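Below is one structure; the comments refer to it alone.
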Amino acid sequence: MKRNIIAGFAAILLLASCNKDKEILNTLNTYNNSMEAKGYHFGDQLTLPKEVTENAESVTISFGDKETTDLTIDPKFFTLGDNAVTFNIKTKGGDVLNQDATINVFAKNPEKNIAYQIVAEYPHDPKNFVQGFQIEGNTIYESDGQNGSSQILKYTLGTTTPLASTKQAPEDFSEGSTIIGDKVYQLTWQSKKGYIYDKNSLKLLSEFAYPNVLGEGWGLTYDGKNLIASDGSKLLYFLDPNDPSKLIKYIAVAGSSQAYDQLNELEYHNGFIYANVWQKPIVLKINPANGEVVGTFDFTEIAKQNTKGSDDVLNGIAFKGENMLVTGKNWPKIYEVQIK
C-alpha cells in the first residue's frame, strides 16, 4: 500500500512538472509571437515573462553555431532582419526545455520616401533581360540574362546597337555586373562562378568561383574597395576584388518596420548601396556600414507602364552624375530621374 501511495505521489509530481513545463513553453511562445511582428532594435532587452524567469535556473539563446546568456539584442550576435533562434531553458526542477522562435531586428530610424522626377527617356532593347546595369561616361554596360542567350554587352546611351558583346555558355544565366578599372566583373545565377572581361573589347579574361556562403549570383557592385554581391536573400556580401572567391564580410538589410530580402540589382553611389527588390517596383538606399535602409524610391508608375507579366520587372540602377537611370527586364525604355 505504501509503495502504491509513493508511486501515486510520484505520478502527481511528474504530471505537475509536465504541466509546468508546458505552461512555461506556452507563455514563452505567446511572448515570442507578440514580439515577432513588433520586432526589436539593437540595444533592446528581451523581457521574458515571469512564468519563464521565475521558473528558470538559466536561459540561453542559440543562433546558428553561437550561444549566449545575454538577453540584449547585440549586433555582435544578431543581424538585422529575421533571426531564427532557439531558447534553451534549464528549469529549477532540472528539466531542459527548448523552443524555436524568430527574432526580428529592425533599424531604429524610419526610412525616408525619396522624391524624384523624370527628366529624360532613352530607348532600350526590349529583347534584353536586364540583370546587371551600369554606365561609364555615356556607355551602358549591361548583363543580359536567360539560359541559352545570356551575354555581356555595351552600347551608347540613346541607342540600342551594341558596340561589343560576348555570349555566355548555354548553361550560364547572366546576372549582376560591375566595372573596376579596365575590367567588367559579371555573376552567373546558379553556375557558382563569375567572369572577368576586358572593359573595352568585352573579351573574356578569366573566371572565379563564388565563396561557399554565396548561394546564387544576383546583383553586383563595387564600392571602391570591395565587390558587393547579393544572392536573393537579405544579405549583401563583400568580396575581395583581387580574389572574388574570398569573403570579407556580410551585412543584413532591414528597414524600421520590415526586413527586406530578394535583394537584386545593385549600385554603389556616394557612400550608399542602392538595391532593387525583385518583383517589387522599389529601390532601397542602404547604409553599407550596418545594412539599415535609410530611404526608398517608389517606381510604381514607371513600372506600370512597362510591366505586362511576371518577368518584365524593374531591374536596373545606374547613376549618370547625380541623376539615377532605371530600367527593367525587357523594358523598351531607360528613365533618367532627378532626385529631389
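A quick note: this is a predicted structure, and the numbers were derived from the prediction, not measured.
The two atoms that bring Thr27 and Pro49 nearest to each other are CG2-CB, 3.4 Å, heavy atoms only. Residues Leu80 and Ala254 approach most closely at CB-CB, 3.9 Å, considering heavy atoms. Nearest heavy atom pair, residue Ile61 against residue Phe77, reads O-CZ, 3.5 Å. Heavy-atom minimum distance, Ala229 versus Leu220: CB-CD1, 4.0 Å. When all heavy atoms of Pro332 and Asn306 are compared, the closest pair comes out as CD-OD1, 3.3 Å.
Remark: Ser149 engages Gln146 in a side chain to side chain contact (heavy atoms under 4.5 Å, CB included) (not counting sequence neighbours). The side chain to side chain donor-acceptor pair (under 3.5 Å) search around Thr296 returns Asn113, not counting sequence neighbours. In this structure, the side chain to side chain contact (heavy atoms under 4.5 Å, CB included) partners of Lys167, at least two apart in sequence or on a different chain, are Gln151. Shown here are the salt bridge (charged side-chain N to carboxylate O under 4.0 Å, His left out) partners of Glu301, two or more places apart in sequence or in another chain: Lys304. Annotation: salt bridge (charged side-chain N to carboxylate O under 4.0 Å, His left out) contacts of Lys192 (sequence neighbours excluded): none.
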| When you look at Glu267 and Thr221, which way does the side-chain hydrogen bond (donor to acceptor under 3.5 Å, both in side chains) test go after all the steps? | CA-CA 5 Å; Glu267 183 74 16; Thr221 191; 4.7 Å; no
| Verdict with reasoning, Lys154 to Glu142, per salt bridge (charged side-chain N to carboxylate O under 4.0 Å, His left out) | CA-CA 6 Å; Lys154 68 177 186 178; Glu142 190 167 300; over 6 Å; no
| request: Would you check, one step at a time, whether the test side-chain hydrogen bond (donor to acceptor under 3.5 Å, both in side chains) holds for Asn330 with Asn128? | output: CA-CA 5 Å; Asn330 302 128; Asn128 291 358; over 6 Å; no
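When atom types are taken as modelled, the side chain of Asp231 and the backbone of Gly217 share no donor-acceptor pair closer than 3.5 angstrom. Of the possible polar contacts, none joining the Thr156 side chain to the Thr139 backbone as a donor-acceptor pair under 3.5 Å is found. For the pair Gln262 (side chain) and Gly232 (backbone), a donor-acceptor distance under 3.5 Å is present. With Glu265 contributing its side chain and Phe133 its backbone, the two residues share a donor-acceptor pair below 3.5 Å. A donor-acceptor pair under 3.5 Å is formed between the side chain of Ser230 and the backbone N or O of Gly219. Formation of a donor-acceptor pair under 3.5 Å by the Asp95 side chain with backbone atoms of Thr91 is not found in this model. One N or O on the side chain of Asp312 and one on the backbone of Gly309 form a donor-acceptor pair closer than 3.5 Å. Between the side chain of Asp223 and the backbone N or O of Tyr268, no donor-acceptor pair lies under 3.5 Å.
Contact check for Leu204 versus Tyr195: side-chain heavy atoms found under the 4.5 Å cut-off. Residues Asn88 and Ser62 meet the side-chain proximity criterion, which asks for heavy atoms closer than 4.5 Å. In this structure, the side chains of Leu266 and Ile317 stay at 4.5 Å or more apart for every pair of heavy atoms. Counting heavy atoms from C-beta on, the side chains of Val294 and Glu111 never come closer than 4.5 Å. In this structure the side chain of Ile179 reaches within 4.5 angstrom of the side chain of Lys199, judged on heavy atoms. For the pair Val130/His124, a side-chain contact is recorded, criterion being any heavy-atom separation below 4.5 Å from C-beta on. Residues Lys193 and Asp172 have side chains in contact (heavy-atom distance under 4.5 Å, counting atoms from C-beta outward). You'll find the side chain of Lys203 stays beyond 4.5 Å of the side chain of Tyr197, heavy atoms only.
The pair Glu57-Lys90 counts as a salt bridge, with a side-chain nitrogen and a carboxylate oxygen less than 4.0 angstrom apart. A salt bridge is absent between Lys183 and Asp198; no separation between the charged side-chain nitrogens and carboxylate oxygens falls under 4.0 Å. The existence of a salt bridge linking Lys127 and Asp125 is confirmed by a sub-4.0 Å separation between a basic side-chain nitrogen and an acidic carboxylate oxygen.
Counted by atom type alone, Asn26 and Thr30 present zero donor-acceptor pairs between their side chains at under 3.5 Å. Defined by atom type and a distance below 3.5 Å, a donor-acceptor pair is missing between the side-chain atoms of Asn200 and Asp182. A donor atom on one side chain and an acceptor atom on the other are found under 3.5 Å apart for Asp298 and Thr300. Between the side chains of Glu175 and Thr188, no donor-acceptor pair is found at a separation under 3.5 Å.
Among residue pairs with one or both ends in residues 26-53, none qualify as ring-ring contact (aromatic ring centres under 6.0 Å, His included); sequence neighbours excluded. Under the side-chain hydrogen bond (donor to acceptor under 3.5 Å, both in side chains) criterion, the residue pairs touching residues 100-109 are Thr86-Asp100, with sequence neighbours excluded. Judged as a ring-ring contact (aromatic ring centres under 6.0 Å, His included), not a single pair has a partner in residues 224-267 (not counting sequence neighbours). Judged as a ring-ring contact (aromatic ring centres under 6.0 Å, His included), not a single pair has a partner in residues 83-113 (not counting sequence neighbours). Sequence neighbours left out, the pairs with a member in residues 282-321 that pass ring-ring contact (aromatic ring centres under 6.0 Å, His included) are Tyr116-Phe299, His269-Phe319, Tyr274-Phe319, Phe297-Phe299.
Hydrophobic cluster membership of Val313, counting Ile, Leu, Val, Met, Phe, Trp and Tyr whose side-chain heavy atoms lie under 4.5 Å apart directly or via other members: Phe129, Phe173, Trp189, Trp218, Trp278.
Atom CD1 of Ile152 is separated from atom CD1 of Ile196 by 12.0 Å, given to the nearest 0.5 angstrom. Taken from CG in Leu25 to CD in Glu51, the straight-line distance is 10.5 Å, to the nearest 0.5 Å. One finds the CG atom of Asn323 at 12.0 Å from the CD1 atom of Ile118 (value rounded to the nearest 0.5 Å). One distance of note links OG of Ser165 with CG of Leu202; it measures 7.5 Å at 0.5 Å rounding. Distance check, rounded to the nearest 0.5 Å: CG of Leu187 to CD of Glu216 gives 11.5 Å. Atom CG in Asp70 sits 12.0 Å away from atom OG1 in Thr60 (nearest 0.5 Å).
Summarising the local packing, CG of Asp243 is surrounded by more than 12 heavy atoms from other residues, nucleotides or ligands at distances under 6.0 Å.
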Do any side-chain atoms of residues 279-292 form donor-acceptor pairs under 3.5 angstrom with protein atoms, and if so which ones, sequence neighbours left out?
residue	atom	partner	partner atom	Å
Gln279	NE2	Ser310	O	3.0
Asn287	OD1	Ala289	N	2.9
Asn290	OD1	Glu292	N	3.0

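Checking each of Ser174, Ser150, Ser191, Ser143 against Gln168 for a side-chain hydrogen bond (donor to acceptor under 3.5 Å, both in side chains) leaves exactly one that passes, namely Ser174.
A cation-pi arrangement, defined by a distance under 6.0 Å to the six-membered ring centre and an angle within 45 degrees of its axis, is absent between Lys333 and Tyr122.
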